[in-house]
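Here the structure comes first, spelled out in structure tokens, and everything after it is commentary.
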Amino acid sequence: MIIISNAKTVDGKKLSLEIENGLISKISNEPIAGGIEANGKLVIPGLVDLHTHLREPGKEDSETVLTGSMAAAAGGYTAISAMANTNPVADTAGVVEQVFRLGKEAGLCDVNPIGAVTKGLNGEQLAEIAAMADSAAKVRIFSDDGKCVSDPLLMRRALEYVKTFNGLIAQHAQDPKLTIDSQMNEGSVSARIGLVGWPAVAEEAIIARDILLADHVSSRLHICHVTTAGGVALIKWAKDRGIQVTAEVTPHHLLLTDDLVENYDPIYKVNPPLRTEKDVWALREALATGVIDIVATDHAPHPIEDKDCEWQAAAFGMVGLETALSVVVKAMIETKLMDWQTLVKRMSTTPAEIAGYAGQGGLIEVGAPANIVLVDAAAKWQVRRDRLNSKSKNTPFDGMELPAMITDVFFNGRRTVAEGKVLNAGD
Amino acid sequence: MIKGHLLSIADLSKSDALGILATAHELAAITEGPNKKLPTLRGKTIVNLFFEDSTRTRISFETAAKRLSADVINFSAKGSSLSKGESLKDTAQTLQAMGADAVVIRHGSSGAAKRLADTKWISATVINAGDGTHEHPTQALLDAYTIKQHLKTDESDLSNLQVVIVGDILHSRVARSNVLLLTKLGAKVTLVAPPTLLPVGVESWPVEVSYNLDEVLSNCDVVMMLRIQQERMHNSFFPTEREYSRRFGLNSHRLSMLKSSAIVMHPGPMNRGLEISAESADDIKSVVIDQVKNGVSVRMAVLYELLGGVALNTEKNGDQ
């Protein structure tokens, strides 16, 4: 039995609890002797990420399911969603079951594979979506992320097809023709520093099209990593009309802007790109009001050589699992746009609902699976790339001081993080 | 005297830029004598690291370095490890190990020179000889020198001059460096191009923009034609060469619209018959050959200031 004493809920109530057989077995507002002393830390449900790149199989030098799970645990996540752009692509039941099994073996969080929409992510032919849905991994989210399902007919068919099992298509909204060779946000910074622009309209045109398609076929659409004020406006319009669309924003797009690209340091190279101050404020506002439903990390590990080079040669992407909560606190709570209750909804409850992840994102109550996190909300910490659990160190937040420190994580009742240190299954 | 690297015109103050032009002027006078060589950079090794073909710029830098008695190594992409996929970092470290004092880099990626200077790959002085579609600072310096030589011999800067830059602004590092430098020196710059060849965000530049060449010609002191690359046509930046040439080419009719004192510039290599007609290229107003000649003096000045470490007058005294 594990006892956590003297924690505090997000609405300010004292809370102590006991965990037994993976479940919360007792809750009390009085301290319980003989357990972990929480000293007034916040207790929140484990975070749920719907957008994680784990790189296994195929790019194990960047990340494995195990190291990605360690990063997830350290970041307070008890469920993550492994994107399909591995090698081989997760476009068959075999690959998704492999990733699912590796997640079970790592044992640090639920690893839910996302299936590819199209075979080999080539955008030409549907992958065996139903086979992945019926597999042991029970895939419900399908995405060609990294690439856009740009063919409108194929997108329509995919949206229709996943209705069989109430699945959803998570779209990486990027018109490929409008973004040939694109390197960064198209605007005054790209004009000055001479990098090929990635215009906001390339994202918004696809969002607009897919919203209309989702409406037409009455299916569920999820927009990955929204980055523009225009995208936010389109999603709001769709929601006002009752179209089944959900949307995510990444922590980095809530905090960083395109002027950081000025020195050509590829640590800031990410797809979709960092946008302008105006976009950042629109995204924050949308996350606060719920127009954007959730935060998703788009954790994208890359080895050193893919960032230690000139801008154009570098890979797109940033790691994000271990800094996500703190970055969201900085962008949303320190700015007073959002409170902790809403943060829990956006990073745990709602993503679990969208994906249908059982045992995740629930209330902290007796009988619930013990997927919980202790957060020292008052603490500040400095990001150190060499201290990341992820195999890759490509964080844009290196050296930055961030609020809110995750100290302890419990996954299905097992303590996976103790005082900031990840405890592997063998430990 | 400038110090460190030369990566972008944005890093230079107005007095830095004027200082380089003054140094270039003095060096030009010296090298016009029977012995063109100065001993200043004897024992220094300068590497011309060219990831893109550019015979003109490379030869210009090579000549400049040799006139200052430096040892020059030419390292080009073709037929070297660069064409075999060696990374910029590994190449830089190789040059470091060989004791390069300066690296003159031409690279297809915007920011490559800046990366070379900012990382710890190499400790040599870095000179940007053109990075992608970003900047080409020595081209702007030689253009400013040439403008001053023809139109402002008695004054320190380029104030009140009207400069028109015509062509593919979007992809032009020459345009970006010239906008920064010429406006810094007081000139008024107007960019002329079809909207497809102007960057989104150009409205934040300190320039006027026009889509109509004929409207701005009669008033300008300098018209600078940029090279149009054929591949732009295939990507629908404009429909045909003929249509581009008709609207934006400098032909003899447009040449006749210029003030008698106006000069015509082109960074080369020229597409005769496309952005500039043969008559315009060979007209008395054309200063294209002066640009090439001044390029050597300006690049000598840059190498001199960055690697010589002493002001020109001091050294001359020391030699006497």
Side-chain angles (χ1 to χ4, degrees), chain A residues 175-205 228 230 257-269 273-279 302-316 394 398, chain B residues 7-11 49 51 82 85-93 105 107-121 128 130-136 168-177 179-180 191 197-207 209 231 234-236:
Chain A
D175 186 295
K177 286 288 228 178
L178 285 173
T179 51
I180 294 170
D181 296 332
S182 292
Q183 299 291 322
M184 68 170 297
N185 178 50
E186 183 166 64
S188 59
V189 180
S190 66
R192 187 167 68 246
I193 74 174
L195 288 175
V196 180
W198 194 133
V201 64
E203 177 170 322
E204 293 154 3
T228 73
T257 50
D258 67 345
D259 50 331
L260 289 163
V261 179
E262 194 100 29
N263 288 333
Y264 303 97
D265 184 342
I267 202 73
Y268 299 111
K269 184 171 176 178
L274 302 179
R275 303 285 186 189
T276 66
E277 190 82 24
K278 175 177 148 266
D279 295 303
H302 289 290
I304 290 166
E305 64 270 22
D306 285 352
K307 291 290 186 181
D308 192 21
C309 55
E310 62 274 26
W311 181 276
Q312 274 92 332
F316 289 99
N394 52 307
D398 185 39
Chain B
L7 308 173
S8 162
I9 294 293
D11 302 335
L49 180 58
F51 289 81
L82 301 181
E86 187 179 71
S87 72
L88 179 59
K89 179 181 178 176
D90 288 332
T91 307
Q93 289 180 336
I105 180 173
H107 199 288
S109 295
S110 299
K114 172 83 174 152
R115 281 296 279 165
L116 205 55
D118 282 357
T119 55
K120 294 189 172 67
W121 303 339
N128 184 2
D131 62 324
T133 55
H134 176 224
E135 279 212 49
H136 191 356
D168 184 359
I169 309 296
L170 177 63
H171 301 97
S172 177
R173 50 195 171 213
V174 175
R176 279 180 183 73
S177 284
V179 165
L180 287 171
L191 304 178
L197 291 175
L198 287 162
V200 166
V202 74
E203 58 281 358
S204 62
W205 294 9
V207 297
V209 171
E231 72 208 54
H234 303 305
N235 290 322
S236 295

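Naming convention: chains lettered A, B, ... in sequence-line order (proteins, then strands); numbering from 1 in each chain. Keep in mind that the numbers below use all heavy atoms, side chains included, and drop hydrogens, waters and symmetry copies.
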For this session: Please indicate whether A:D181 has more than 12 foreign heavy atoms, meaning atoms of other residues, nucleotides or ligands, lying under 6.0 Å from its CG.
Result: no
Exercise. About how many Å separate OH of A:Y264 and CG of B:D118, when rounded to the nearest 0.5 Å?
Worked result: 11.0 Å
Exercise. Given that the side chain runs from C-beta out, which part of B:H107 has a heavy atom under 4.5 Å from chain A: side chain, backbone, both or neither?
Worked result: side chain
For this session: Using atom types as modelled and distance alone, determine if a side-chain donor or acceptor of B:R176 lies under 3.5 Å from a backbone N or O of A:A191.
Result: yes
For this session: Step by step, work out the side-chain contact (heavy atoms from CB on, under 4.5 Å) result for A:Q312 and B:S110.
Result: CA-CA 8 Å; A:Q312 274 92 332; B:S110 299; 4.0 Å; yes
Problem set entry | Proximal to chain B - members of residues 194-204 of chain A, heavy-atom separation under 4.5 Å | A:G194, A:L195
Exercise. Between CD1 of B:I105 and CD of A:E310, what distance do you get to the nearest 0.5 Å?
Worked result: 8.0 Å
Exercise. Does a sphere of radius 6.0 Å around CG in A:L260 hold more than 12 heavy atoms from other residues, nucleotides or ligands, not counting ones at 6.0 Å or beyond?
Worked result: yes
Exercise. Roughly how far apart are A:D265 CG and B:K114 NZ, rounded to 0.5 Å?
Worked result: 10.0 Å
Seminar exercise, completed: Answer key: most heavy-atom pairs under 4.5 Å with chain B among A:S188, A:C309, A:G187 is A:C309
For this session: Pick one of side chain, backbone, both or neither for B:S109, based on which atoms fall under 4.5 Å of a heavy atom in chain A.
Result: both
